[in-house]
Amino acid sequence: MDDLSSIKQSFLHELSLVQGIAGLDDIRVKYLGKKGVLTGKLKTLGALPPDERRSAGIVLNEMKVLMENELALRKQALKNRELEKKLASEALDITIPGNYTPPGRLHPLTQTMLDIIDIFSAMGFSVEEGPEVETDYYNFEALNIPREHPARDMQDTFYVSDDVVLRTHTSPVQIRAMQKRKPPFRIIAPGKVYRCDADISHTPMFHQIEGLMVGEDISFSHLKAVLEAFLHRFFSPDVPVRFRPSYFPFTEPSAEVDIGCIFCKGAGCRTCKTSGWIEILGAGMVNPRVFEMSGYDPQVYSGFAFGMGIERIAMLKYSIDDIRLFYENDIRFLRQF
Ligand code: PHE
């Protein structure tokens, strides 16, 4: 029995030193394993006289239970410690400022486009889209611009082949819309267009927005009212608007629309080239020839169309003096909008 108490002492001592779960197992094997110290003692019981055997058996079994309990307790303690260590090492300091991702924003051209679409949507126009790689037929022919017609010179065209072009304006969407829809209807067609042109106010790719309204009693006064309403909403309610006679093969009569210079209020400055007026868009009544080519009876239907450059309008609205700024992706420029 003296023996037993020193076994217990060394067991508890070793247990207190063990630092990991793996070490616990070594101790279990050493004391309670098949060839363990305590197991060895239990095996000797059989050699004892019966009366001693009983009491020794009780003591040894109590010892066994004690060891098992101690092992379990220690195991739990070690597990807890490991968990605490893990939690401590993975701890999040929620007071550290996060990585700041600055919010993105819309490109000024996108914003301008959306603003324009909003205004026309409020007047009942729906958005129509068409291809940027367009056939000669839709881009020119069906808009009353035949081959060899001098009007082709108005737009320096990128030809993909003899019959395919990069659309030079959004007007081909007028034709596609007329083929798809039944009057009365009103659409706007925003999108990219391409012309072989590059300087401080021209880029080979730019954006336009087209408008088309067709019905049985559409007159020039509808055109005037819609465009005036738009320009007053977009620029300012008191900006003067004027219509100047002009020429487009697909509209007759045609007009160029100006607003009073928003920089000098009409007094004359560099932007308006001292005229007091700034040209904003082209417009007109749909040419009966265009209706005929798309199978619309010009005796029954009339309509108006207009088209404007988004870059130009954005440049005026935000006082931007070089069109190339839109495409350089200079964050200092884009951040201002
Ligand atoms: N498509 C013409 C251009 O790009 C603009 C326009 C559209 C004029 C519709 C009249 C009617 O210059």
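As a basis for the values below, the full set of heavy atoms in this structure was taken, side chains included, without hydrogen atoms, waters or symmetry mates. Remember, it's 1-based here, ligands and their atoms both numbered in the order they're listed.
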Counting heavy atoms not belonging to R152, are there more than 12 under 6.0 Å from its CZ?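 Yes.
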Show the protein residues that qualify under the rule heavy atom under 4.0 Å from an atom of ligand 1, listing them in chain and number order.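 Residues near ligand 1: Q155, H169, S171, Q174, R195, Q208, E210, F248, F250, T251, G282, A283, A305, F306, G307.
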In plain terms, say whether K41 and D3 are close enough for a salt bridge, that is, a side-chain N and a carboxylate O under 4.0 Å apart.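 Answer for the salt bridge query: yes.
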Once you measure the plane-to-plane angle for F333 and F326, does it fall in the parallel (<30°), tilted (30-60°) or perpendicular (>60°) bin?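 It falls in the perpendicular class, over 60°.
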Mind telling me whether F243 and F220 have parallel, tilted or perpendicular rings, with 30° and 60° as the class edges?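 Correct class here is perpendicular.
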Calculate, to the nearest 0.5 Å, the distance between atoms NZ and NZ belonging to K43 and K35 respectively.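 Nearest 0.5 Å value for the NZ-NZ distance: 8.5 Å.
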Just by distance, do the side chain of N144 and the backbone of N287 share a donor-acceptor pair under 3.5 Å?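 Judged by distance alone, no pair lies under 3.5 Å.
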